[in-house]
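Read the structure below first, then the notes.
Note: hydrogens, waters and symmetry copies are ignored here, and every other heavy atom, side chains too, is used. Chain identifiers are assigned alphabetically (A, B, ...) following the order of the sequence lines, protein sequences preceding nucleic acid strands; residue numbering begins at 1 within each chain.
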Amino acid sequence: MTMMRLAVFLLTLVFLPIFAAGQSLAQNGPLRLEITEGVIEPMPFAVPDFVAENTEAQQYAANLARVVASDLTGSGLFREIPAQAHIGKITDFGAAVQFADWRAINAAALISGAATVSGGNITVKFRVYDVVSGAELGNGLRFSGPVEGWRRMAHKVADAVYSRITGEGGYFDSRVVFVSESGPKNDRRKRLAIMDYDGANVQYLTDSNAIVLAPRFSPTGDRVLYTSYETGSPRIYVLDVGRVQRRVLEQQPGTMSFAPRFAPDGRTVVFSLTEGGNTDIYTLNIASGQRQRLTRAPSIETAPSYSPDGKFVVFESDRSGTQQLYIMPATGGEVRRISYGEGRYGTPVWSPRGDLIAFTKQSKGRFHIGVMRTDGSEERLLTASFLDEGPTWSPNGRVIMFTRETRGATGRASLYSVDVSGRNLRPVSTPDGASDPAWSPLQP
Amino acid sequence: MITLARTAALCACFALTACTNANRFDDTNAVDLNSAQTGLAGSPSDPASPAYFQQTVGDRVLFAVDESTLSRNNQLVLEAQANWLLANPDYFATIEGHADEQGTREYNLALGARRANAVREYLVARGVAGGRLETVSFGKERPIEICSEEACYTKNRRAVTVLSAGAQG
């Protein structure tokens, strides 16, 4: 299998001048959607086809608007008013908006955009309006980059809209690395793959000659840690995403290493190492190769994950007799148990905001994805099925993606996402079976 | 007496835990002689053949849910494995530990390692040189039975002693 260099689309970003048409100021305060834990009414928005400002841009103009709409709708926080219902049209990006046309169809937000293509580059600009007050929300923005990266620009637009309306960071211009699965359950073939968060642009990073497991992004998204059976035994590898080059990180003879994750500094890896049947947690400095042992117990200690400030590690251990969650200082030391509910808890992952820990819970023959506060309080189960496992956080800490496997001889693994409030459970489309997703940070 | 002997063997296992730093053989030259993929070597009627080891001696032991302790039946199988390995010193073995699908991926990897290690320590306590025995865990990655019922799970919670040819082949 030939590896291609993965396209990394660099975008440039320019602020557009403040909209000149001096509409009335907001009368009811700015358009704002408060994301609360309760059920919310999705905010209605309209995003007409972007204006093609030259002929070459025509094939992108409608698609850009479709990706923006799909991002916003997919968040569960917004509801699109379809084009068939539109009264007004936007044919000139610079012209004053006829807000009455958009108020009449009950749009709360309006997104207008335009695209120009020249010499293999695409430039996309957009504005967001509060339809009720007739005011622009924030400044217009302009992105440019290679045309192949047009979806990223649509995601950038959607991120800006999401962020301006919710007051929180977006997550659409991000990627997911995962394990692509094919073949029957007793002869499953696995290979690493990477895609946009919404399932577009899938590319494969390894072949399927060896089992690969649980890839994890570096804090800047440039590298991926994963576990491979390339040598016959599980070992940790690091892969440069842009160059698709990998190297083994841990290969002490007679041991297995797995469950790696980067520290927030991107220089240290925390992982599990098994020696003589006993699994403990270690850190490894990638540059120096220096290893430090964090736990020393005859029980299983695995699935470590750093707090965003790098000061603590949450992990699972069966030292109490069953799998439970514990937190310790990042250099090892005193261990504090945080899970006390009925059942078994595994695969803890600290949220990027630092406030919550997502986990897999097994209870009464069912699997759940759940979240709890870092002191173990306010446990909330978000999903339930035959087998849900391995949560990963969206860059803004609002959405969790995970693996769901179906029951029985034809059982198949696929990816799902769910809002941290437990709403908006959705499948993530992948070409084959898929497992072990890991969400990247927002792309620059 | 047999029970006493087994107890002694188990005690020896624990005593040996600290010195299991086996010398390593080269994975790339090892050939799986009794894995499902490569088929069996030799005739099952030849007691010195890997086929005999797999079919008559028994190449695997099964475990209870979440357990890595060896049942009495397991110990009988492992006694026979140890005797076979002592009688056929040209063979090395990799003990593969496995788990059923009811568990998270990382935990099952660690659990499979516990199972493989329990077998290895038993064989070492019965006199098999530690340098001939490697372990690896596949967690829940390589089930042999694919239903989602206990009938399948019980066969998947296993440790399989996979023979490989030694230096002479």
Query raised in the report: chain B heavy atoms under 4.5 Å from A:D318: which part of the residue, side chain, backbone, both or neither?
Result: side chain
Requested in this report: Name the region of A:P298, side chain, backbone, both or neither, that has any atom closer than 4.5 Å to a heavy atom of chain B.
Outcome: backbone
**Report entry** Engaged part of B:N156 at the chain A interface, taking heavy atoms whose separation is under 4.5 Å
**Finding:** neither
Query raised in the report: Between B:S164 and B:E134, is any side-chain donor less than 3.5 angstrom from a side-chain acceptor?
Result: no
Requested in this report: Please confirm whether A:R337 makes a cation-pi placement over A:Y340, using NZ or CZ under 6.0 Å from the six-membered ring centre and within 45° of the ring normal.
Outcome: yes
**Report entry** Under 3.5 Å donor-acceptor, B:E106 side chain and A:F258 backbone
**Finding:** no
Report task. Heavy-atom pairs under 4.5 Å with chain A are the metric here; pick the option from B:A116, B:C147, B:S137 that has the most. Result -> B:S137
Query raised in the report: B:Y107 and A:E389: side-chain donor and acceptor closer than 3.5 Å?
Result: no
Query raised in the report: Is it the side chain or the backbone of A:L387 that comes within 4.5 Å of chain B heavy atoms, both, or neither?
Result: side chain
Query - Pick from A:Q323, A:M256, A:R188 with the largest number of heavy-atom pairs that fall under 4.5 Å of chain B - result: A:Q323
Report task. Examine whether an atom of B:E149 lies under 4.5 Å from a heavy atom of chain A, and if so say whether it belongs to the side chain, the backbone or both; otherwise answer neither. Result -> side chain
Requested in this report: Taking atom types as modelled, find out whether A:E181 and A:S435 have a side-chain donor-acceptor pair closer than 3.5 angstrom.
Outcome: yes
Report summary line: Of the listed A:T360, A:T279, A:I300, A:T302, the one with the largest count of heavy-atom pairs under 4.5 Å with chain B is A:I300
Query raised in the report: Given that the side chain runs from C-beta out, which part of B:L109 has a heavy atom under 4.5 Å from chain A: side chain, backbone, both or neither?
Result: both
Query raised in the report: Between the side chains of B:Y122 and B:E79, is a donor N or O closer than 3.5 angstrom to an acceptor N or O?
Result: yes
**Report entry** Residues B:T94 and B:E96: side-chain donor-acceptor under 3.5 angstrom
**Finding:** no
